[in-house]
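Worksheet: one structure, shown below.
In what follows, chains carry the letters A, B, and so on, assigned in the order in which the sequence lines appear, proteins first and then strands, with residues in each chain numbered from 1. Source: prediction; values computed, not measured.
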There are 2 protein chains.
Amino acid sequence: MEIIRRNTEYSIRALVHLALNPGREVTAAEIAEAQEIPLVYLQKILQKLTRGGFVGAQRGAHGGFYLAKDPEDINLLEVIELMQGKLAINKCFLGKDGCNRAPKCVLKNNWLQLEQRIAGFLSQITLLDLVEQVREGGLPGGGE
Amino acid sequence: MEIIRRNTEYSIRALVHLALNPGREVTAAEIAEAQEIPLVYLQKILQKLTRGGFVGAQRGAHGGFYLAKDPEDINLLEVIELMQGKLAINKCFLGKDGCNRAPKCVLKNNWLQLEQRIAGFLSQITLLDLVEQVREGGLPGGGE
DNA sequence: TCAATGTGGACTATAATAGTCCACATAGAG
DNA sequence: CTCTATGTGGACTATTATAGTCCACATTGA
């Protein structure tokens, strides 16, 4: 059972890398190398982050990516939800399956509480927090 | 993004059904009908619950399944982990991929905290709690 | 105009989940 | 002892999600 996909992990690493390199345009190739992410896959991820408004992109020679928001204004929940869809404990909460049991389902309330706790936790962690943790000695960062 | 699989949802419904019908052997067919679960799939699930020690099984005519533990001794975390494997925020925690970044990974600590919160929450909800919620008016229960 | 870069969409590969099938083992009823 | 109702086990298929690739194209700076 896995909650965070590789996809998302890559995104966060990419964002941290950008946050650590402010004021310039960083190429996908640079991020890919530093963060050990397959380049072509990373390009897709960066496209998604761009459309999601987290990063800006500049085409052409000397182009690249840069953070489009301040690190303290990006939290893990929104990145995760951009990359892998809305947080949901199970299908019931995605409105799929049209679960006819929902109206009286006792599990629903329990799942809802869990969902709120997870969302609460994730939304309190910002990119700035991660960057500070990196500066205190951690990776991703990557090859820094 | 989904945390609880259908698999697990079915298991919990089956366990609740058994808890609501103590003192007798309940056939897979009965559970399948009451809980709206494909019979042959449910059989697989019941086998897993049996091997996991949550239910007992009796073969032959008039055979069926019954809870092997008291409802207050079964919590959601153990059922979930039986059905879909150990709770893990991501692959790092499954020891897969041999993530060479792990030693300094700043995400790891954040994921670990989240994991502990989720596990703490789920392990506090017992089958007895669910049964009481059902008696107060919810489903699954199913056709009850 | 060329080279370095991002964009978009289609495509493939791999893995996980969901679900099915069938031969077999066991236990109770007659 | 045999028939029938039941659970068991394993192999199998189907469906979906994730991961990853490829290529033609757009843009920008030199």
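Atom CG in Leu39(A) sits roughly 14 Å away from atom P in dA4(C) (whole-Å rounding). We find that CD1 of Ile37(B) is positioned 13 Å from P of dT20(C), with the value rounded to whole Å. Atom pair Glu2(B):CD and dA16(C):P shows a separation of 16 Å (rounding to whole Å applied). Distance Leu46(B) CG to dT6(D) C1': 12 Å, rounded to the nearest Å. For Gln43(B) and dA11(D), the CD to P distance is 18 Å, given to the nearest whole Å. One interatomic measurement links the two molecules: CD1 of Ile45(A) to C1' of dT21(D), which rounds to 13 Å at whole-angstrom precision. If you take CG of Leu49(B) and C1' of dG9(D), they are 16 Å apart, rounded to a whole angstrom. The distance between atom CD of Glu9(A) and atom P of dT18(D), rounded to the nearest whole Å, is 15 Å.
Between dA19(D), dG28(C), dG6(C), one nucleotide has an atom nearer to the side chain of Gln58(B) than all others, and that is dG28(C). In the set dG7(D), dG20(D), dT20(C), dG20(D) carries the atom at the smallest distance from any side-chain atom of Tyr41(A). Taking every side-chain heavy atom of His62(A) into account, dG29(D) is the closest of dG29(D), dT6(D), dG28(C). For Arg5(A), the listed nucleotide lying nearest its side chain is dT18(D); candidates were dT18(D), dG28(C), dT21(D). Considering only the side chain of Asn7(A), dA19(D) comes nearest among dG7(D), dA19(D), dA29(C).
Annotation: side chain of Ile4(A) is not in contact with side chain of Leu114(B) (no heavy-atom distance under 4.5 Å). The side-chain heavy atoms of Asn75(A) and Leu127(A), taken from C-beta on, include no pair separated by under 4.5 Å.
Scanning atom types as modelled, no donor and acceptor separated by under 3.5 angstrom connect the side chain of Lys44(A) and the base of dG20(D). A donor N or O paired with an acceptor N or O is found under 3.5 Å between the base of dG9(D) and the side-chain atoms of Gln47(B). A donor-acceptor contact under 3.5 Å is formed by the side chain of Arg59(B) with the base of dA25(C).
Mapping Gly60(B) and Thr8(B) onto DNA chain C by nearest heavy atom places Thr8(B) at the nucleotide closer to the 5' end.
The side chain of Tyr10(A) contributes no N or O atom lying less than 4.0 Å from OP1 or OP2 of dA19(D). Dashed line: the shortest gap from a side-chain N or O of Arg51(B) to OP1 or OP2 of dG9(D) is under 4.0 Å.
The two residues Ala88(B) and Glu115(B) come nearest to each other via the heavy atoms CA-OE1, 3.7 Å. Across Thr50(B) and Phe65(B), no two heavy atoms sit closer than the pair OG1-CE2, 3.8 Å.
Taking the charged nitrogens against the carboxylate oxygens, Glu30(A) and Arg24(A) do have a contact shorter than 4.0 Å, which makes a salt bridge.
Using a 4.0 Å heavy-atom cutoff across all strands shown, Ala28(A) reaches sugar-phosphate atoms only and no base atom.
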